[in-house]
Protein chains: 2
Amino acid sequence: MSAPEVPVRRQTRQRTAVLALLEELDGFRTAQDLHALLRERGDAVGLATVYRALQALVDDGLVDVLRSEDGEAAYRRCSPVHHHHLVCRSCGTTVEVADPPVERWAARVAAEHGFADVQHQLEVFGTCRACAQR
Amino acid sequence: MSAPEVPVRRQTRQRTAVLALLEELDGFRTAQDLHALLRERGDAVGLATVYRALQALVDDGLVDVLRSEDGEAAYRRCSPVHHHHLVCRSCGTTVEVADPPVERWAARVAAEHGFADVQHQLEVFGTCRACAQR
DNA sequence: CGCCTGTGTGAGAATGGTTCTCATGACCAC
DNA sequence: GTGGTCATGAGAACCATTCTCACACAGGCG
């Protein structure tokens, strides 16, 4: 029996800064980006700390992770309910979309093949209106 | 105007070996795995060559790529028509599933938000019957 | 209010998957 | 066969991420 494991998250300047930056930005950003941004505005935070803060936020369900095509991780502040993303391939703007029949479909297909404990991962990529007009 | 760019793919022992191995295996394998397997059975192929062969196969649409949670790429021989995957989280067994209303749904949602040139990426993860029984 | 303890931090090193370099080898059109 | 490319392979380079470890600070307690 594993205990609930509440890791007693301390509130520090660095963690606050990372979350605040994510709140302020739109779309997915890599850890490297966030680190560079914080540094630019004089709010110096170590790279390792940015990674740790992001992991903690992901664990708490406050932030989404996405793997870009080249394997780099991108993070985004999100609402804590299940949803998917519509991401602009060019500028990174993101729209959260509530989920459709996909839920039911995934569950049904999985059951048909004898799979249990099902999760799914769906991202839609496209070019947003602004970028298409350039 | 860019020419069609047909890179004149040569047939070599190494590329044949990589594709043959993928044909033979089931489920997604990392480049490192494939390299180790080839080496074990005495069919020595350089690691860089495995990566190059896999990229060529992906470009030709003969192989699918998937990014595992830690960013490692996994490859799998696949049918050249659009489809999604049902992957066992535990043993890696994969089932190709033809896709459902998701196609239409993705297109519609994208259009509603002014996105063009839409692609999507959907993977379903679960525990297959065999693994669940252990 | 100040101490204490354990958690958080940061710089740099380590890790590990992937890509690059470049000299050498092999495919294949002629 | 021959030649000109393209492919190969060993190792180095690259780069995102994680680890290490000494030091700093949050925050509960006296």
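Under 3.5 Å, the side chains of B:His120 and B:His84 contain a donor-acceptor pair of N or O atoms. In the model, A:Gln55 has no side-chain atom that pairs as donor or acceptor with a side-chain atom of A:Tyr75 under 3.5 Å.
Between B:Tyr51 and C:dT18, a side-chain N or O to OP1/OP2 separation shorter than 4.0 Å is present. Under 4.0 angstrom from either OP1 or OP2 of C:dT9 there lies at least one side-chain N or O belonging to A:Arg15. Between A:Thr49 and C:dG8 there is no side-chain N or O to OP1 or OP2 distance below 4.0 Å. Taking 4.0 angstrom as the limit, B:Gln14 places a side-chain polar atom (N or O) nearer than this to OP1 or OP2 of D:dG9. A close approach under 4.0 Å does not occur between any side-chain nitrogen or oxygen of A:Thr12 and OP1 or OP2 of C:dT7.
A donor-acceptor contact under 3.5 Å is formed by the side chain of B:Arg10 with the base of D:dT5. At a cut-off of 3.5 angstrom, counting only N and O atoms as typed in the model, there is no donor on one side facing an acceptor on the other between the side-chain of B:Arg13 and the base of C:dG25. Contact of A:Arg9 with C:dG8 (side chain to base): no donor-acceptor pair of N or O atoms is detected under 3.5 Å.
Put simply, CD on A:Gln55 is 15 Å from C1' on C:dT9, counting in whole angstrom units. Computed from coordinates, the B:Asp70 CG to D:dC15 P distance equals 20 Å when rounded to whole Å. Distance, B:Leu38 CG to D:dG9 P: 10 Å, rounded to whole Å. Distance, A:Leu66 CG to D:dA16 C1': 16 Å, rounded to whole Å. Taking atom CD of A:Glu69 as the reference point, atom P of C:dT19 lies 12 Å away to the nearest angstrom. Remark: P of C:dT19 and NE2 of B:His35 are 15 Å apart, rounded to the nearest angstrom. Summarising the geometry, the separation between CG on A:Leu54 and P on D:dT17 is reported as 9 Å, rounded to the nearest angstrom. Look at CZ on A:Arg39: it is 13 Å from C1' on C:dT9, rounded to the nearest Å.
Mapping B:Ala74 and B:Gln11 onto DNA chain C via the closest heavy atom, the residue that lands nearer the 5' end is B:Ala74.
Closest to the B:Ala48 side chain, of the nucleotides D:dC19, C:dT18, D:dA10, is D:dA10. Of the listed nucleotides (D:dT17, C:dG8, C:dT18), D:dT17 has the atom at the smallest distance from the side chain of A:Ala31. In the set C:dT18, C:dT9, D:dA16, C:dT18 carries the atom at the smallest distance from any side-chain atom of B:Ala73. You'll find that the side chain of A:Glu72 is closest to D:dA16, out of D:dA16, C:dG17, C:dC20.
If you look at A:Phe125 and A:His85, their ring centroids are not closer than 6.0 Å.
Residue A:Gln32 is in base contact, counting any heavy-atom pair closer than 4.0 Å across all strands shown.
Checked for salt-bridge contact, B:Arg9 and B:Asp60 meet the test: a charged N lies under 4.0 Å from a carboxylate O. A salt bridge does not link A:Glu72 to A:Arg29: none of the charged side-chain nitrogens sits closer than 4.0 Å to a carboxylate oxygen.
Annotation for B:Glu96: atom CD counts as buried by contact number, over 12 foreign heavy atoms lying within 6.0 Å.
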